[in-house]
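No hydrogens, no waters, no symmetry mates; every other heavy atom, side chains included, goes into these values. Bear in mind that the values here come from a model prediction, so they are computed numbers and not experimental data.
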Amino acid sequence: MKVFENFANYYDIFYKDKDYETEIDMLLGLLKGKIKEDALILDMGCGTGRHAFELHKKGYRVHGIDLSREMINIANSKYRETDGITFAVNDIREYQNEQKFNLVLSLFHVLSYQNTNEDICKVFQTAYNCLEENGLFVFDCWYGPGVLTDHPYVKISEAEDDQYTYKKIAKPQMDANKNLVKVDCETMIVEKSTSKMTRVEEMHSMRYLFEPELEYMLNNEGFRLEKACDCKTMGELDYNSWTAYFVARKI
């Protein structure tokens, strides 16, 4: 089953409290003075378009791509009347466009869904080919030292709307030989009026990554790593860093 094929319909409900606006403000602070005010941005793995919308509010033009047709349908439905944002179904490992972008972003751990070195390098190739000269590529991922220090554990998330209650149970299993965490996600949707329950199951296989290997792969694809920092504190990476931003420049 394709990741997010069924969960896409409930994605925004579970992440309704995620502060996309603050995340974009922090990210733009990291990039202050490095991108144009009206920059054209490629959002790789855009999901339902919430990062793209926050970028649009700051005056940027954004094209979002995602492998999930269900996610793109939701994004197009929400923002179809918003000038300056477009969305399309594309594989970020294979995407091509004659239009060159000032900035390429890949947020909310999209890179960690690339489980092999080959797939990661393909994503880097896409970013390189889509960027203008000296353009910036920014992505985040699960950060190895933090994941290995504070192992993933079973998480239960609950949400509701007017018609349904939702419960998601995420059960992780670590694969140390491949630097992967395989998360078995079971979502239960209960209709309030009838108590009828639907179950949705998906497997999310997440790779945790390390700065030296990423720098090596970026260099091989024509990038120079300019900065790496903790996603929450924006400070230096350490063993408490579970997620990390990486900023690379096309050279």
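Atom CD of Glu236 has 12 or fewer heavy atoms from other residues, nucleotides or ligands within 6.0 Å. The number of heavy atoms from other shown groups lying within 6.0 Å of NZ (Lys78) is above 12. Counting non-hydrogen atoms of other residues, nucleotides and ligands closer than 6.0 Å to NZ of Lys18 gives a total above 12. Other residues, nucleotides and ligands contribute more than 12 heavy atoms inside 6.0 Å of the NZ atom of Lys100. Within 6.0 Å of the CD atom in Glu213, the count of heavy atoms belonging to other residues, nucleotides or ligands exceeds 12.
In this structure the side chain of Arg50 never reaches within 4.5 angstrom of the side chain of Tyr11, judged on heavy atoms.
Follow the hydrophobic side-chain contacts under 4.5 Å out from Ile169 and you never reach Ile13; the two are in separate clusters. Using a 4.5 Å cut-off between side-chain heavy atoms of Ile, Leu, Val, Met, Phe, Trp and Tyr, with links allowed through other members, Leu214 and Met44 fall into the same hydrophobic cluster. Both Tyr208 and Val183 are members of a single hydrophobic cluster when ILVMFWY side chains are connected at heavy-atom separations under 4.5 Å.
With hydrogens and angles ignored, the 3.5 Å screen pairs a side-chain donor or acceptor of His56 with a backbone N or O of Asp83. A donor-acceptor pair under 3.5 Å is formed between the side chain of Asn129 and the backbone N or O of Gln125. For Ser68 (side chain) and Met71 (main-chain N/O), a donor-acceptor pair under 3.5 Å exists by modelled atom type. For the pair Lys250 (side chain) and Tyr128 (backbone), a donor-acceptor distance under 3.5 Å is present. A donor-acceptor contact shorter than 3.5 Å is absent between the side chain of Ser112 and the backbone of Cys141.
Note on ring orientation: taking the six-membered ring where Trp is involved, the planes of Phe223 and Phe137 are tilted (angle from 30° to 60°). Relative ring orientation between Phe108 and His51 is described as perpendicular, the plane-to-plane angle rising above 60° on a 0-90° scale split at 30° and 60°. In this pair, Tyr166 and Tyr10 present their aromatic rings tilted. The plane angle is within the 30 to 60° band.
Lys168 forms a cation-pi arrangement with Phe14, by the criterion of a distance under 6.0 Å to the ring centre and an angle within 45° of the ring axis.
Between Arg249 and Glu226 there is a salt bridge, since a side-chain N of the basic residue sits under 4.0 Å from a carboxylate O of the acidic one. For Glu118 and Lys122, the salt-bridge test passes: some basic side-chain N is under 4.0 Å from an acidic carboxylate O. Between Asp162 and Lys192, no side-chain nitrogen of the basic residue sits less than 4.0 Å from a carboxylate oxygen of the acidic one, so the salt-bridge criterion is not met.
His109 NE2 to Leu209 CG: the interatomic distance, rounded to the nearest 0.5 Å, is 12.0 Å.
The two residues Val110 and Gln114 make their nearest non-hydrogen contact at O-NE2, 3.2 Å. Taking each heavy atom of Cys231 and Asp140 in turn, the nearest pair found is SG-CB, 3.8 Å.
Checked against Leu148 for a side-chain contact (heavy atoms from CB on, under 4.5 Å), the options Tyr239, Phe210, Tyr143 give a single hit: Phe210.
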